[in-house]
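Remember, it's a predicted structure, so these values are computed and weren't measured experimentally. The basis for the numbers below is simple: all heavy atoms, side chains too, and nothing from hydrogens, waters or symmetry mates. Whatever order the structure lists ligands and atoms in, that order sets their numbers, starting from 1.
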Amino acid sequence: MAEDSLLDHALVRLDEATAHLNIDPDVIEKLKFPRETTKVRLMIRMDDGSRKSFLAWRCRYDDTRGPTKGGIRFHPDSTDDEVETLAFWMTFKCAVMNLPYGGGKGAVQVDPRKLSKAELERLSRAYIQAFARIIGPDRDIPAPDVYTNSMIMGWMADEYAQIVGHAEPAVITGKPIALGGSLGRGDATARGGYYLVRHLAEDLGLGNPMRVAVQGFGNAGQHIAQLLAADGHKIVAVSDSEGAVRADAGLRVDLLMEAKANGRSVISTAGQAGHEILPASELVGVDCDLLVPAALENMIHERNAHSVKAKLVLELANGPVTPEADKILAANDVVILPDILANAGGVTVSYFEWVQNRQGFYWTVREIHERLQAIMEAEGRAIWNISKEKGITMRTAAYVHALGRLADAIEAHGTQSFFTS
Ligand code: GLU
């Protein structure tokens with residue numbers, strides 16, 4: 001299936017779940033296509049006076065359960081197919097967590113590391129100028145994703161406010177605290193995954209301490225390493241795009257984070273005895289108990305899935321394991337905590353941010369953590385029970401769980417005409 005699109009791969013998971021539920025085929029048909037994808041060309045002035053243009057998208061995949069929600073990615077490899085697939089995953093992720101949202105996603109095809117800060121700001125503002133008609137607090141609510149952050153969300157919120165003529169903080173989440181961002185949004189993706197692993201640790205038969213390998217050392221990767229290390233677990237390997245560093249005795253997470261904060265690769269920390277540098281591609285095969293893919297899609301595939309030694313995979317990235325690799329890992333008794341559950345802490349705290357913006361009443365970080373933990377544990381437990389009852393993987397169980405909620409909403413809207421809002 002190598003020539004199939006990423007969305008075709010993603011839809012395999014929908015088909016697998018459909019087999020375990022009695023659902024109107026019209027509902028499944030609706031979920032197989034994005035509702036609308038808008039593609040534009042953004043043109044900005046570069047610092048040297050030249051102009052440059054960038055392809056950009058916003059996909060609203062399905063809005064049956066509420067306004068579409070999902071991040072904006074800045075990445076040189078972004079495509080129509082990738083944006084639509086990420087928006088499909090957001091649809092299921094929001095349903096898994098029972099958030100009152102549909103799924104959406106945006107992207108700009110750009111390597112933001114090659115832009116100056118002023119160019120990055122112009123590009124972020126141009127994105128909102130292009131998509132201001134599409135987004136809105138009751139319509140479509142962007143947030144950060146790969147290579148975007150709170151600073152970019154701040155510029156975007158400001159541009160939107162200038163266009164509509166008043167502050168509208170609920171149009172975008174992941175904002176700086178000073179502009180109505182929520183406490184606890186920064187580490188929310190990792191923290192959600194951390195609560196999930198902790199809650200299921202006994203059921204999964206996890207040892208203590210665990211040896212952990214983290215693939216990708218951006219926002220999610222850094223925070224999961226920090227949270228697990230603080231509980232006494234050993235971070236035995238981490239990677240970024242330049243390579244991997246491994247140390248059986250455990251790596252110093254503070255030094256790794258300091259390197260990233262200074263624009264250096266994690267491999268620059270490998271000076272000490274017992275440290276070994278590996279190609280980034282070897283991270284997934286490192287000897288460990290817990291493997292955390294926290295980078296991009298398709299990192300564990302049919303060619304490297306056999307090398308996985310971990311007994312548990314926590315998918316903090318979206319789509320890191322292909323359907324073929326799922327089968328290999330299942331045959332080797334590797335449990336996967338799937339993306340649409342494992343990394344849903346990010347969008348859940350985004351939801352809290354949107355609620356706080358709309359109320360104009362702000363919560364303490366303790367309230368944020370407690371509410372996030374309660375939702376992660378409840379939905380994680382429900383999916384664990386479905387998986388045990390039906391004898392299916394956690395991934396298929398998560399899709400079954402979400403699909404039941406999506407089907408209820410689609411049927412309640414009526415299935416005679418779908419393009420309704
Ligand atoms: N980009 C994150 C995700 O893939 C967060 C989305 C959001 O907060 O809306 O889940």
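Between the side chains of Asp81 and Thr79, not a single donor N or O lies within less than 3.5 Å of an accepting N or O.
The salt bridge (Lys or Arg N to Asp or Glu O under 4.0 Å) analysis of residues 154-171, with sequence neighbours excluded, yields the pairs Arg125-Asp158, Arg125-Glu159.
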Acceptor/donor pairs from residues 176-184 side chains to any protein atom, 3.5 angstrom cut, sequence neighbours excluded:
from: Ser182; atom 1: OG; to: Gln356; atom 2: NE2; distance (Å): 3.0

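Residues of the protein with a heavy atom under 4.0 Å from ligand 1 are Lys69, Gly70, Gly71, Met90, Lys93, Lys105, Ala143, Pro144, Asp145, Arg185, Asn318, Gly346, Val347, Ser350, listed by chain and number.
Ile72 places a side-chain heavy atom less than 4.5 Å from the side chain of Pro142.
Every residue meeting the salt bridge (Lys or Arg N to Asp or Glu O under 4.0 Å) condition with Glu370, not counting sequence neighbours, appears here in chain and number order: Arg366.
Ring pair Trp89/Tyr61: centre-to-centre distance not below 6.0 Å.
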